[in-house]
Amino acid sequence: MSKLNNGNLKIAIQREGRLSEPSLSLLKDIGLDFESYQRKLFSRCQNFSLDILFIRDDDIPAYVKNGVMDLGIVGQNIIYEKNVKVEILAKLGFGKCSLVIAIPKKSRVKKLDDLNQKKIATAYPISLKKFLAKKGIQAEIINLKGSVEVAPSLDIADAICDLSSSGSTLRVNELIPLVKIFDSEAVLIANQKTLKGPKRKNIERLKIRIQGLLQARRTKYVMLNAPVEALSKIKEIIPGLKAPTVVPLAEKGMIAVHSVVPEEIFWEVVEKLKMVGASGILVSPIEKIIL
Ligand code: PRT
Ligand code: ZN
């Protein structure tokens, strides 16, 4: 650890697993220059006062909470399960999943109350216990470290409580979700004391870069041609950053409109634009948006 006592900001990310690659991409895409072989324990940024530590995701919340690390990237599920107090600075839009209770297809359990006196296998005992207590259900929690999904077929449990994203693990094991406990995604977390100290400035710089990148990832840049009379309708359709850029074209009565469109309503917007006479619609990704 002595190598890390140099006044640099310290961020912990998952060493090897689902969050490793997207966490590394995020740090690279906000312009940080560092080497990232997986076998290294830590890497120093060449162009920012930042050291990156690669560790198991389960250890990240505690490292950040006790100040060994200033920042971390980890799933919300781990923060809930470890029940530690850290500051969440940003949701990062990857590692999305839900913690669910699932039952075998042929189970007699049909509703939450039917779980009374049943056994539920999980690697998330704290989150499950809290949920069951809130709902007033008395079930036995079987604490497993992995392969939770096979517990019902081995007769170890009547139900499972596990993370699910695509749902295919549940399907393959003939399980169906009964109830969702929470949704989760990767978040940037910070030590609460660090946020009040001298490192705050650099944390703010990183946060602004991350927000700029995330906003850009959620948005497309759209350019189109249209008759000038269509402009007021186009303005209603495109919920642009502020106002769209409007440029007259060489062809009389025609304009070009440039704007940004949120990814999730993109197709809907394009369809409506065509209906009001837009043509030659060009769409491109945006690298960063700084407001
Ligand atoms: O070694 P280390 O402790 O660091 O890694 P790990 O094995 O504990 O974690 P890893 O890499 O499996 O997951 C890291 C994080 O990714 C989790 O803490 C979640 O925040 C997030 N995440 C997102 C998921 C999933 N989606 C996910 N589907 N983590 C695990 N799963 C598992 C789930 O447990 C089940 O076994 O994938 C299976 C279900 O996936 P689907 O797609 O079939 O539904
Ligand atoms: Zn883990």
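Side chains included, hydrogens not; waters and symmetry mates left out as well; all remaining heavy atoms used. Just follow the structure's listing: the first ligand is 1, and inside any ligand the first atom is 1.
With respect to atom 1 (O) of ligand 1, the closest heavy atom belonging to the protein is Arg56 NE, 3.5 Å. Regarding atom 43 (O) of ligand 1, its nearest protein heavy-atom neighbour is Thr169 OG1, 2.6 Å. In this structure, atom 21 (C) of ligand 1 lies nearest to the protein heavy atom Gly95 O, 4.0 Å. Nearest non-hydrogen protein atom to atom 26 (N) of ligand 1 is Cys97 CB, 3.4 Å. In this structure, the protein non-hydrogen atom closest to atom 30 (C) of ligand 1 is Arg18 NE, 3.4 Å. Closest protein heavy atom to atom 28 (N) of ligand 1: Ser165 OG, 2.8 Å. Closest to atom 42 (O) of ligand 1 among all protein heavy atoms lies Ser166 OG, 2.6 Å. For atom 20 (O) of ligand 1, the nearest non-hydrogen atom of the protein is Asn77 OD1, 2.6 Å.
For Asp162 and Tyr124, the side-chain atoms include no donor-acceptor pair closer than 3.5 Å. In this model, no donor atom of one side chain and acceptor atom of the other lie less than 3.5 Å apart for Glu149 and Thr169. A donor and an acceptor atom, one from each side chain of Asn225 and Ser279, are nowhere located under 3.5 Å apart. Between Glu21 and Ser25, the side chains place a donor N or O and an acceptor N or O closer than 3.5 Å (distance only, hydrogens not considered). Under 3.5 Å, the side chains of Asn8 and Asp51 contain a donor-acceptor pair of N or O atoms.
Numbered from 1 in the order shown, with element, the atoms of ligand 1 that lie under 4.0 Å from a heavy atom of Gly17 read 11 (O). Of all atoms in ligand 1, numbered sequentially from 1 with element shown, those under 4.0 Å from a heavy atom of Ser164 are 44 (O). Listed by atom number, the atoms of ligand 1 under 4.0 Å from Ile78 heavy atoms are 18 (O). Remark: ligand 1 atoms within the under-4.0 Å shell around heavy atoms of Gly75 are 20 (O). Residue-ligand proximity, Gly167 to ligand 1, at heavy-atom distances under 4.0 Å covers atoms 41 (P), 42 (O), 44 (O).
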Practice item. Check step by step if side-chain hydrogen bond (donor to acceptor under 3.5 Å, both in side chains) holds for Glu81 and Ser127. Key: CA-CA 5 Å; Glu81 182 63 23; Ser127 306; 2.6 Å; yes

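Ring-centre distance between Phe42 and Phe54: not below the 6.0 Å cut-off.
Contact annotation: for Leu170 versus ligand 1, there are no heavy atoms closer than 4.0 Å. Using a 4.0 Å cut-off between heavy atoms, Val74 makes no contact with ligand 1 at all.
Restricting Asp57 to its N, O or S atoms, the one at the least distance from the Zn ion (ligand 2) is OD1. Looking only at N/O/S atoms, Asp58 comes nearest to the Zn ion (ligand 2) through OD1.
Nearest heavy atoms, Val148 versus Ala121: CG1-O, 3.3 Å. Across all their heavy atoms, Lys28 and Phe34 have their closest contact at NZ-O, 2.7 Å. In plain terms, the two heavy atoms of Ala190 and Leu71 that are nearest each other are CB-CD2, 3.6 Å.
Of the charged side-chain nitrogens involved, none lies within less than 4.0 Å of a carboxylate oxygen, so that Asp113 and Lys111 do not count as a salt-bridged pair.
With Cys161 as reference, Ile181 is the one residue of Ile181, Val179, Val100 to meet the side chain to side chain contact (heavy atoms under 4.5 Å, CB included) rule.
With Ile55, Asp57, Leu19 as candidates, the residue nearest to atom 2 (P) of ligand 1 on a non-hydrogen basis is Asp57. Nearest to atom 35 (C) of ligand 1 by heavy-atom distance, out of Ile79, Ile13, Leu163, is Leu163.
Within a 6.0 Å radius of NZ in Lys272, other residues, nucleotides and ligands contribute 12 heavy atoms or fewer.
In terms of polar-atom proximity, defined here as any N/O pair under 3.5 Å, Tyr124 makes no such contact with ligand 1.
For atom 7 (O) of ligand 1, the nearest protein heavy atom lies 4.0 Å away or farther.
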